[in-house]
Amino acid sequence: MSAPIADGALPATVVEGDAPPLNSYAPTVSETSLRLPAEIMEVPVSVQVIPRVVIDDQAVFRAADATRNVSNVMRKPAYLGVTDSYTIRGFNSDIGLWNGLRRDMYYSFTDVSALESVEVLKGPASATYGFFEPGGVVSYVTKRPTAEPIARFESTLGSESFFRPSLDLGGPLTADGLVRYRWNTAYETSESFRDHLSNELIATTLAVDWDLSETTTLFTEFSFLRSDSVPDRGFDNSLGPVTLTLPRERFLGDPRDSYLFEQYDSAIWIESEIGETGRFRLGFHTNFVEDFRDIVQQGSLGADGRTLERFHSVVSGTTEFYEVFGDYRFALETGPVEHELMIGGELSRRKFPYLFREGSDPFLPLDIFDPVYGSPSRPLPPVAYNWDDELDNLGLYLQDFIRLNDQWSVLAGARYDLIDYSSADAATGDSSSFREHAVSPRAGITYRPVEEVAFFGNFGMSFRPNTWAVTQGGGIVDPETGEQFEGGVKTQWLDGRITAGITGFHIVKENVAIPDPADPTGFFYIASGEQRSRGAEVDFSAEIIDGLQVLASFGYVDAEITRDTFIPVGDRLVNAPEHTASLWAKWEFQHGPLKGLGLGAGVFHFGDREAAMPNTYEIPGYTRFDALLYYQMEDWKVALNVKNVFDETYFDSQDNLLYPGAPTQFFLTVGREF
């Protein structure tokens, strides 16, 4: 249970009770669900947490791969295959969270070296975090400074010339321990099982906490990431089912393609106790991304079914995001009823200049079954678009977590958002702008008949502006709206060593922007669509006995078009398999001559998915097996991970693109703690 409000305890920042063992697969606290640390059993929403120990055990080098352990979540390779977004409960999730702060997943990247955990908050998050899709949101929680010194070095060698050393340092910077730090840095270089692809990456993150007084702390975090690659655009779905017959190593771009990505993050905030039961926070966050790509893109497939037209594009973009945020959390009592209230707000600006150059003449065609690379010179193409987008957002929110008694608790909250958006294209002279506002409520209830079992239910609404959906009249399609009903049961046993949850949900999204049937160019949109997703989920994590840890999930979703003037009603949403499932288990010998030896194995299953709307063909489902063997001895650890043990052929999907999954891969990691 959370700490009681009386006796000077700080609500909403302190959780107590029997904690699970260190490095447990079964975390009991979420950083995301209520915008503050909260006990998972108490909150009336579905949230899953993938802790750092799972990231390490499964040799996760991209944060999105950690979500394969969560029901009804699909990884969605995003910009040029470098960044990642998601499909959750059938709906796109391109916007996420970074330490509870808004993050455009499509255009940003978080390296796993800085991560403490990956959380998935299911359902609409608009009441807490602003405009999001109704399926859910992924949150990255980074490592924080430590009071005790830590030092860990790791180096991984793997298939396709994979090499990744990393360093994790932390501890006090001053003798009195008032200033503490955490520094994580990693370097990565690799080839690819895909022809002609390569990547070089460096990432570093520094966090410093400074106790200014007994009641006030200053928090800072700064990070830099640089990626230089021959990028991957996979296979274009518009080519049709023929893409499923191509060798997975086939590359349809040009070996001279390049993509340079640089990202800077900074956050600084101050937290101060106010009286005995309140806490105030005020801070500033920036995210700056600069990228440049020079690539050959896929066009249409010729009538012979093998000759691919291509075109040359050169794109430079800069994403600037600035945000001021603040909140006040406090406790009060109304008779026997205890309240933990939060009132807060955000003011943000996102600027997105985007210069797109496209060759007017087709680039050298490619035989997709017998490619011959090499090309004439690649002169700088003429400007096709020169966008300058700007979005300002003011968000104000109020949340009350109410404990009626030891068994019943209620969550009630709402958020008001005001959005100003403008877009201008210097190349064409086109421009558009709009102002939108919305109120997003959320309410939920939890009933705990006994300490180990909690029944919950909630209702929430979402909205998201259609910033890209221009109408023939020059306006913007009204925002999409969504609503969800969700209910289920959560359980915790053996002092939090075993957690499980069963959830059912029903989501409807309306005012979906679709291509205007009266527009032959495909550029303009109308609002006509409705989409529905309903299903069930089971998530389980446990350390059943010392040394045996298990992580499992099962998801069912029926996600389809329920109203549309362009797409047939009943068509399934893309990248939304009807069934997903995962099982990962690890055993470490605790005694005897084999003490420290560990074995792990896992299976990840994803069913058939639709490749496009209208539905034309399916992406085959797959079942992938992974394995782990390691030995831990005092300060040293040696681990061998094998991914895709049986060399399964599979694809990840991102809207109109397919990305072949890797064949069998081996990764050997050697780590030492100092």
query: Among Ile202, Leu260, Thr189, whose side-chain contact (heavy atoms from CB on, under 4.5 Å) with Asp228 holds?
result: Leu260
query: In terms of side-chain heavy atoms, does Arg89 have a donor or acceptor partner in Ser533 at a distance below 3.5 Å?
result: no
field: Polar side chain donor-acceptor pair, Thr32 to Glu119, under 3.5 angstrom
entry: yes
message: Whether the Thr146 and Arg182 side chains hold a donor-acceptor pair (N or O, under 3.5 Å, no angle test) is what I'd like checked.
response: no
Pair Phe325 and His285, ring centroids less than 6.0 Å apart: no
- request: Answer yes if the side chains of Asn393 and Asp417 hold a donor-acceptor pair under 3.5 Å, and no otherwise.
  value: yes
Gln58 and Asn69 side chains, donor-acceptor separation under 3.5 Å: yes
Cationic tip of Arg164 above Phe162 ring, under 6.0 Å, 45° of axis: no
Between Thr205 and Glu221: side-chain donor-acceptor atoms closer than 3.5 Å: no
query: Have Glu262 and Tyr264 got a donor and an acceptor in their side chains that come within less than 3.5 Å?
result: yes
task: Would you verify whether the NZ or CZ of Arg102 falls within 45 degrees of the ring axis of Phe131 while also being under 6.0 Å from that six-membered ring's centre?
output: yes
message: Checking side-chain polar atoms at under 3.5 Å, does Asp265 have a donor or acceptor matched by the opposite partner on Asn287?
response: yes
- prompt: Knowing that exactly one of His312, Gln297, Arg378, Arg310 qualifies, which makes a side-chain hydrogen bond (donor to acceptor under 3.5 Å, both in side chains) with Asp254?
  reply: Arg378
- prompt: How many angstroms lie between OH in Tyr79 and CZ in Arg293, if you round to the nearest 0.5 Å?
  reply: 4.0 Å
Ring centroid separation Trp98 to Tyr140 under 6.0 Å: no
query: Pick one: which of Arg68, Arg62, Lys76 meets salt bridge (Lys or Arg N to Asp or Glu O under 4.0 Å) with Asp652?
result: Arg68
query: Is a side-chain donor-acceptor pair under 3.5 Å present for Asp291 with Tyr259?
result: yes
Six-ring centre of Phe667, Lys643 cation under 6.0 angstrom, axis tolerance 45°: yes
query: Is the closest side-chain donor-acceptor distance between Ser266 and Thr286 under 3.5 Å?
result: yes
- prompt: Any chance the side chains of Asp389 and Tyr354 put a donor and an acceptor closer than 3.5 Å?
  reply: no
message: Quick one about Ser227 and Asn199 (side-chain donor to acceptor, distance below 3.5 Å, no hydrogens or angles considered), yes or no?
response: yes
message: Under 4.0 Å between a side-chain nitrogen and a carboxylate oxygen: does that hold for Asp294 and Arg256?
response: no
query: Is it true that the side chains of Tyr650 and Arg248 contain a donor and an acceptor less than 3.5 Å apart?
result: no
